[in-house]
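In what follows, a structure is listed as C-alpha cells, so that the remarks can point back to it.
Below, chains carry the letters A, B, ... as their sequence lines are ordered, and counting in each starts from 1. Scope of the values below: all heavy atoms of this structure, side chains included, with no hydrogens, waters or symmetry mates. Predicted model only: the values in this text are computed from it and were never measured.
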Protein chains: 2
Amino acid sequence: MEVTKAFAALSDPTRLAIVTRLAERGEVDVMDLVPDFPISQPAISRHVKVLEESGWVTRRKVGTRRPIRLAPGRLDEIIVWSGRLRATLRANYARLDDLLAEKDIPE
Amino acid sequence: MEVTKAFAALSDPTRLAIVTRLAERGEVDVMDLVPDFPISQPAISRHVKVLEESGWVTRRKVGTRRPIRLAPGRLDEIIVWSGRLRATLRANYARLDDLLAEKDIPE
DNA sequence: AATTTATATAACGATTCGATTATATAGTAT
DNA sequence: ATACTATATAATCGAATCGTTATATAAATT
C-alpha cells in the first residue's frame, strides 16, 4: 500500500511541522528551518530528504540554497483516502448499529 | 503534536488494512483477521493494540472473543487536519506563484 | 586561489519496531 | 475438574529510525 508511506512521513513531529510551515509560507530554504527546531542541521536535512523521498516535498536549486515547497499530490491522496474511508464507514454504520443493539455487552 | 500518533498508527500496511476492513465490516473479532494476513496471531494482537492505544479502535468483550471496531475520532481528526492544510495551502498559493514566477530556476 | 556559506553525507550509537516462538490467561464446553 | 478456544504477554532478534559529530561538496565571495 502506497498511502502508508505518506503517513509514515508525517509520523514525526518535526516533519509534520515542516509540512505545516511549507503550507503557510509556500517555500523555504532548508537553513531557514534549522533555528526553529531543537535539532542539528544534518537532522533537518535528513527530515527534508525523507519528505522528498515520500513525495511530500520538492526541491529546487538556487545557487547554493535549496528551497523546498509542498508537492500537493500527497495531501490530495490523504484527503481522498480519508473521505473514502468515512463514506465506507457511513455506508456500514446502520448495519453496525444493528449488530451492537443485538449483542452489545459492556466491558 | 497529537496527530502524528494517528499517522504513525497508519504507517504500517497491516494496520491500515485492519482499519479499512473495520470501515467495511463494522466489527470483527481479532481472530477473524488472522487468516487474512501472512503474520502470526500475536503479531495481529500487537497491531490491534497499537491501533487501540492510538485511538483508532475500541475493543469489547464478548465471552472469550474481543470484537473491535473503529473509533471515528481519529478519522475525523485527519479529515480536519488535511482540510485545514489544504485551505492554508490555497490561501498562500497565489503568493507562492508570484515567488516562483520571479525566481524559478529548474534543477 | 582561498574562504565562507548552504547543504549533504558518513559513521556511529541509542531506541523503537515488527516479527517470531513459547507461554499465560480467561472464558466455554465437556 | 479438564480441555479447548480466543486472545494477550514475554523474551528475543534483526532491521529501521532518529539523533549526534565530523567531514564533504558546491556555489558565492573576497
Side-chain angles (χ1 to χ4, degrees), chain A residues 1-19 21-22 25 27-69 99 103-107, chain B residues 1 4-19 21-22 25 27-69 99 103-107:
Chain A
M1 270 145 201
E2 190 46 39
V3 75
T4 56
K5 292 185 179 171
F7 288 136
L10 298 191
S11 68
D12 179 273
T14 300
R15 289 195 296 267
L16 185 75
I18 291 174
V19 164
R21 169 156 323 188
L22 287 176
R25 304 211 182 154
E27 194 173 48
V28 301
D29 295 340
V30 171
M31 288 311 288
D32 292 342
L33 297 168
V34 173
D36 297 346
F37 295 93
I39 61 180
S40 64
Q41 170 267 313
I44 295 289
S45 277
R46 182 66 71 87
H47 282 307
V48 168
K49 189 177 192 180
V50 171
L51 287 172
E52 192 183 23
E53 285 171 351
S54 63
W56 275 102
V57 148
T58 58
R59 230 186 291 224
R60 307 190 290 136
K61 211 185 226 171
V62 176
T64 167
R65 292 174 303 117
R66 304 284 290 229
I68 61 176
R69 53 183 158 130
L99 281 169
K103 59 179 185 188
D104 200 354
I105 295 161
E107 190 188 355
Chain B
M1 273 146 202
T4 56
K5 291 184 181 171
F7 288 138
L10 298 190
S11 67
D12 178 273
T14 300
R15 289 195 296 265
L16 185 76
I18 290 173
V19 165
R21 169 154 323 186
L22 287 176
R25 305 213 181 152
E27 195 172 48
V28 301
D29 295 342
V30 171
M31 287 312 285
D32 293 341
L33 297 169
V34 173
D36 296 346
F37 295 94
I39 61 180
S40 64
Q41 171 266 314
I44 295 289
S45 276
R46 182 65 73 85
H47 281 307
V48 168
K49 190 177 192 181
V50 170
L51 287 172
E52 191 183 24
E53 284 170 351
S54 63
W56 275 103
V57 149
T58 57
R59 230 187 291 223
R60 306 190 289 136
K61 212 186 227 170
V62 177
T64 167
R65 292 174 303 117
R66 303 285 290 228
I68 61 175
R69 54 183 158 130
L99 281 169
K103 61 180 186 188
D104 201 355
I105 295 163
E107 189 189 354

Answer yes when B:Glu53 and B:Lys5 have at least one side-chain N-carboxylate O distance shorter than 4.0 Å, and no when they do not. no
When rounded to whole Å, the CD1 to P distance for the pair A:Ile39 and C:dA14 reads 20 Å
Please determine, for the side chain of B:Pro42, which listed nucleotide (C:dT21, C:dG27, C:dG18) has the closest atom? C:dT21
Could you check how far CZ of B:Arg60 sits from P of D:dT7, rounded to whole Å? 12 Å
Under the side chain to side chain contact (heavy atoms under 4.5 Å, CB included) rule, what do A:Thr58 and A:Arg69 come out as? Steps first, then yes or no, please. CA-CA 6 Å; A:Thr58 58; A:Arg69 53 183 158 130; 3.6 Å; yes
Under 4.0 Å between a side-chain nitrogen and a carboxylate oxygen: does that hold for B:Arg21 and B:Asp36? yes
Please answer whether the main-chain N or O of B:Pro42 pairs with a side-chain N or O of B:Ser45 as donor and acceptor at a distance below 3.5 Å. no
With the side chain defined as heavy atoms from C-beta on, A:Arg65 is closest, among D:dT7, C:dA6, D:dG19, to C:dA6
side-chain N/O B:His47 vs C:dC17 OP1/OP2, d < 4.0 Å: no
As a test of reading the structure: which of D:dT7, C:dT21, C:dA6 is closest to the side chain of A:Thr64, going by heavy atoms? C:dA6
Provide, to the nearest angstrom, the distance between the CZ atom belonging to B:Phe37 and the P atom belonging to C:dT20. 13 Å
Gap between atoms CG and P, on A:Asp32 and C:dA6 respectively (whole Å): 9 Å
Does the side chain of B:Ser40 get closer than 4.0 angstrom to OP1 or OP2 of C:dA19 through an N or O atom? no
Side chain of A:Val30 (C-beta onward), nearest among D:dG19, D:dT7, C:dT7: C:dT7
Atom-to-atom span, CG of B:Leu33 to P of D:dT7 - whole angstrom: 9 Å
A:Arg46, nearest nucleotide to its side chain (from C:dT7, D:dC18, C:dT21): D:dC18
With DNA chain D as reference, determine whether A:Ser11 or B:Ser45 sits nearer its 5' end, using the nearest nucleotide of each. B:Ser45
Looking at A:Arg15, does any N or O in its side chain come under 4.0 Å of the phosphate oxygens OP1/OP2 on D:dC18? yes
Calculate the interatomic distance between A:Met31 atom CE and C:dT4 atom P; express it in whole Å. 16 Å
In terms of side-chain heavy atoms of A:Asp29, which of C:dG27, D:dT7, C:dT7 is nearest? C:dT7
Whole-Å distance, A:Phe7 CZ to D:dT17 C1', equals 20 Å
When you measure from the side chain of A:Lys49, which nucleotide among C:dG27, C:dT9, D:dC18 comes out closest? C:dT9
Tell me whether A:Asp29 contacts the main-chain N or O of A:Met31 through its side chain, where contact means a donor paired with an acceptor under 3.5 Å. no
Separation of B:Ile44 atom CD1 from D:dT9 atom P, in whole Å? 16 Å
